[in-house]
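Read the structure below first, then the notes.
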Amino acid sequence: MIEHQLDPLFMARSYLRRRKFDQCIDICTHMLEKNPYDQGAWFMKAKALTEKVYIDEVEADDDGIAEMLMDDNTIAQVARPGTSFKKPATAAQGSSSSQSVRPMSQSGRPVSGFVRPGTKSGRPGTMEQAIMTPRTAHTARPVTSASGRFVRLGTASMLSEPDGPFINTAQLNLSKYAERHGLNRVLFDYLFYHENDIRNALDLAALATQASQYEDWWWKQQLGKCYYRLSLFRDAEKQFHSALRQQSTVDNYLYLAKVYIRLDQPLAALDLFAKGIEEFPGEVSLIIGCARVHEGLGDTDQSVKWYKSVFQFDASCVEAIACIGTHNFYSDMPEIALRSFRRLLQMGISNSELYTNIALCCFYSQQYDMALTCFERAVTLSNKESAADVWYNIGHVAVGIGDSNLAYQAFQLALISDNNHAEAYNNLAVLEMRKGKVEQARAYFLAAISINQELYEAHYNLSILSESQGDLNTSYKEVRKSIEAFPSHVDSKNLLAQLKQYFTLL
């Protein structure tokens with residue numbers, strides 16, 4: 001009998017198309033052992049290794065300490081409110097984006113309804129604040145450097161090869177590969193994503209750009225990505241502009257806007273997004289980009305308008321639904337916010353954060369039985385990162401119903417899950433004040449302040465405690481810090497005026 005077997009290269013291509021990368025790599029490795037010069041197997045294996053560790057460069061923008069504090073590309077040290085992410089526009093007292101209604105991140109921006117790279121850490125202004133900013137709930141170590149993260153990623157992928165790296169980059173003749181149109185792009189992606197060898201990737205992109213007579217926009221885009229990864233933002237801007245003039249694509253708009261956001265030029269990013277939307281009407285990624293920039297600037301009302309416009313083109317956009325639901329909740333419309341979160345639940349999303357949001361909406365809508373059920377589900381689904389926030393919200397609800405014992409236990413459980421939870425320390429201190437344990441309350445307030453300098457409640461509460469104990473000097477210092485963190489806080493202003501009157505009488 002004659003046995004009919006499929007061509008191994010066809011099988012490798014089939015596995016690659018179905019994203020079964022390990023099987024594809026095994027077949028290509030076996031083919032290369034028989035014939036090391038098989039370009040088809042080499043091409044397929046390099047493609048599979050790249051796809052296995054591929055990260056979307058548009059979203060991978062989590063800045064570390066080095067990127068945030070050792071940045072020489074700042075435009076203005078004292079920017080006008082509303083023109084910089086470092087100094088977002090202040091909201092009116094009682095509005096949905098006010099700190100008295102909506103909690104703030106450590107960078108001073110309203111908490112987003114959808115976690116993205118950069119929304120947790122923000123851009124702290126001092127080295128001390130950056131070091132104290134935890135990376136996750138279960139580790140207190142801050143984000144060190146984005147470049148270091150990419151290096152660790154590339155090293156781990158190389159160690160997965162039993163016989164060393166697939167391609168010896170030190171012996172590559174980049175000039176030869178730059179002229180081979182069938183292999184140069186795959187080789188660049190392998191160097192950029194898998195090996196994280198940005199220097200060689202940059203050299204290959206530069207040589208390929210010269211080989212194409214500077215007429216291939218794709219290579220200019222790759223040059224811009226390399227320059228961005230090397231923190232040469234002005235060079236990246238030139239390359240993305242050149243690529244955009246040759247070929248207008250959505251990716252070029254997104255990459256160039258990412259450069260402007262990194263340079264702290266949100267208005268330039270908004271103008272670029274507007275041009276992109278005119279050229280590509282209905283492109284959801286550009287519309288969401290506008291909404292994110294407005295949200296980063298503290299203009300939540302304008303951000304919600306852009307998120308609502310997303311529904312005209314994509315009614316199942318998770319980010320838009322979550323952000324609109326969060327906005328409605330902090331606008332004192334929990335019933336309407338509940339619709340958004342229920343919609344996410346119907347779409348198949350099931351995690352502790354979503355059930356916590358539904359529980360809070362039910363509680364403030366006076367649906368107490370559903371609130372308890374959702375909190376139980378949230379605790380069941382919680383992990384190390386989300387357990388602290390779930391218990392904190394349970395404690396907050398317990399304070400609302402007057403059960404101080406349950407609230408105390410819930411805040412303690414929140415601190416067990418995350419000992420850097422500043423809000424839990426603050427609320428525990430308030431409960432200790434009610435019990436008359438002044439020193440314990442003071443210790444909790446100081447712990448909350450040391451973790452989050454932007455938490456105005458802790459400054460104000462410590463000022464009240466110091467004023468009641470006769471320590472007017474400490475009370476004056478803390479109330480000044482409270483006003484710096486939240487300039488529109490009326491109670492802090494009243495307390496400051498009262499302290500000034502005391503000092504005048506002295």
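Side-chain atoms of Ser316 and Met347, non-hydrogen and from C-beta on, do get closer than 4.5 Å to each other. Two residues are said to be in side-chain contact when any heavy atoms from C-beta on lie closer than 4.5 Å; Ser466 and Leu462 meet this criterion. Put simply, the side chain of Leu254 reaches to within 4.5 Å of the side chain of Val250, judged on heavy atoms. Side-chain contact between Lys305 and Asp301: absent, with no pair of heavy atoms (C-beta onward) separated by less than 4.5 Å. Within the 4.5 Å cutoff, the side chain of Met333 has no heavy atoms near those of the Phe329 side chain. Taking 4.5 Å as the limit, every side-chain heavy atom of Tyr253 sits out of range of all side-chain heavy atoms of Glu283. Residues Glu335 and Tyr364 are not in side-chain contact: their nearest non-hydrogen atoms beyond the backbone lie 4.5 Å or more apart. Looking only at side-chain heavy atoms (C-beta outward), Thr356 and Phe375 come within less than 4.5 Å of each other.
Using modelled atom types, one finds no donor on one side chain facing an acceptor on the other under 3.5 Å when comparing Glu376 with Tyr355. At a cut-off of 3.5 Å, with distance as the only test, no side-chain donor of Ser352 or Ser382 sits close to an acceptor on the other residue. A donor atom on one side chain and an acceptor atom on the other are not found under 3.5 Å apart for Tyr227 and Glu237. Side-chain contact check for Asn252 and Thr249: at least one donor-acceptor pair (N or O, by modelled atom type) lies under 3.5 Å. A side-chain donor from one of Asn196 and Arg229 sits under 3.5 Å from a side-chain acceptor of the other.
Between the side chain of Ser492 and the backbone N or O of His489 there is no donor-acceptor pair closer than 3.5 Å. Looking only at distances, no side-chain donor or acceptor of Thr474 sits under 3.5 Å from a matching main-chain atom of Asp471. Proximity of a side-chain donor or acceptor of Ser365 to a complementary backbone N or O of Cys362 within less than 3.5 Å is not detected. A donor-acceptor pair under 3.5 Å links the side-chain atoms of His459 to the main chain of Gln453, judged by distance alone. Between the side chain of Ser463 and the main chain of Glu478, no donor-acceptor pair closer than 3.5 Å is present.
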Show me the donor-acceptor pairs, under 3.5 Å and distance only, between side chains in residues 390-401 and residues at least two apart or in other chains.
unit_1	atom_1	unit_2	atom_2	d
Asn393	ND2	Asp389	O	2.7

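Across all non-hydrogen atoms, the minimal contact from Leu381 to Ser350 is CD1-OG, 3.7 Å. When all heavy atoms of Ala422 and Ala448 are compared, the closest pair comes out as O-CB, 3.4 Å. Residue Ala485 comes nearest to Tyr456 through the heavy atom pair CB-CB, 3.9 Å, listed as atom of the first residue, atom of the second, then distance. The minimum heavy-atom distance linking Tyr444 with Ala429 is given by the pair CB-CB, 3.4 Å. Nearest approach of Leu415 to His421, heavy atoms of both residues: CD2-O, 3.7 Å. Residues Ile287 and Val310 share a closest heavy-atom pair of CG2-CG2, 3.5 Å.
Atoms CG and CG, from Asp235 and Leu202 in turn, are 9.5 Å apart once rounded to the nearest 0.5 Å. Taking CG of Asn351 as the start and OG of Ser386 as the end, the distance is 8.0 Å to the nearest 0.5 Å. Taking SG from Cys226 and CD from Glu57, the interatomic distance works out to 9.0 Å, rounded to the nearest 0.5 Å. Atoms CG and CG, from Leu345 and Leu338 in turn, are 10.0 Å apart once rounded to the nearest 0.5 Å. With rounding to the nearest 0.5 angstrom, the NZ atom of Lys238 is 10.5 Å from the CG atom of Leu232. Taken to the nearest 0.5 Å, the OH atom of Tyr460 stands 11.0 Å off from the CZ atom of Phe445.
Ring centroid separation for the pair Tyr228 and Tyr255 does not come in under the 6.0 Å cut-off.
Counting non-hydrogen atoms of neighbouring residues, nucleotides and ligands closer than 6.0 angstrom, the NZ atom of Lys500 reaches no more than 12 such neighbours.
The salt bridge (charged side-chain N to carboxylate O under 4.0 Å, His left out) check on Glu353 picks up nothing, with sequence neighbours excluded. With sequence neighbours excluded, no residue forms a ring-ring contact (aromatic ring centres under 6.0 Å, His included) with Phe280. Phe273 is linked by a ring-ring contact (aromatic ring centres under 6.0 Å, His included) to nothing, counting only residues two or more places apart in sequence or in another chain. Not a single ring-ring contact (aromatic ring centres under 6.0 Å, His included) links Phe313 to another residue, sequence neighbours left out. Applying the side-chain contact (heavy atoms from CB on, under 4.5 Å) rule to Lys308 yields the partners Val304, Ile324; only residues at least two apart in sequence or on another chain are considered.
A salt bridge does not link Glu432 to Arg442: none of the charged nitrogens lies less than 4.0 Å from a carboxylate oxygen. A salt bridge is absent between Arg292 and Glu295; no separation between the charged side-chain nitrogens and carboxylate oxygens falls under 4.0 Å.
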Checklist entry - Given Ser331 and Asn328, is the side-chain hydrogen bond (donor to acceptor under 3.5 Å, both in side chains) satisfied, shown in steps? => result CA-CA 5 Å; Ser331 298; Asn328 289 330; 5.4 Å; no
Next on the checklist: Walk me through whether Asp251 and Gln221 qualify under side-chain hydrogen bond (donor to acceptor under 3.5 Å, both in side chains).
Outcome noted: CA-CA 9 Å; Asp251 280 347; Gln221 184 188 89; 4.9 Å; no
Next on the checklist: Under the criterion side-chain contact (heavy atoms from CB on, under 4.5 Å), I'd like the reasoning laid out for Asn461 against Leu465: C-alpha separation, chi angles, the key distance, then a yes or no.
Outcome noted: CA-CA 6 Å; Asn461 291 334; Leu465 178 63; over 6 Å; no
Next on the checklist: Applying side-chain contact (heavy atoms from CB on, under 4.5 Å) to Asn426 and Phe411, what does each step give before you reach the verdict?
Outcome noted: CA-CA 10 Å; Asn426 176 75; Phe411 292 139; over 6 Å; no
Checklist entry - Given Gln501 and Thr504, is the side-chain contact (heavy atoms from CB on, under 4.5 Å) satisfied, shown in steps? => result CA-CA 5 Å; Gln501 186 178 2; Thr504 304; 5.5 Å; no
Checklist entry - Do Tyr307 and Glu319 pass the side-chain hydrogen bond (donor to acceptor under 3.5 Å, both in side chains) test, and can you show the C-alpha distance, the side-chain angles, and the key distance before you say yes or no? => result CA-CA 8 Å; Tyr307 277 126; Glu319 181 175 351; 3.1 Å; yes
Item to check | Working for side-chain contact (heavy atoms from CB on, under 4.5 Å), residues Leu495 and Leu499 | outcome: CA-CA 6 Å; Leu495 181 57; Leu499 290 173; 4.3 Å; yes
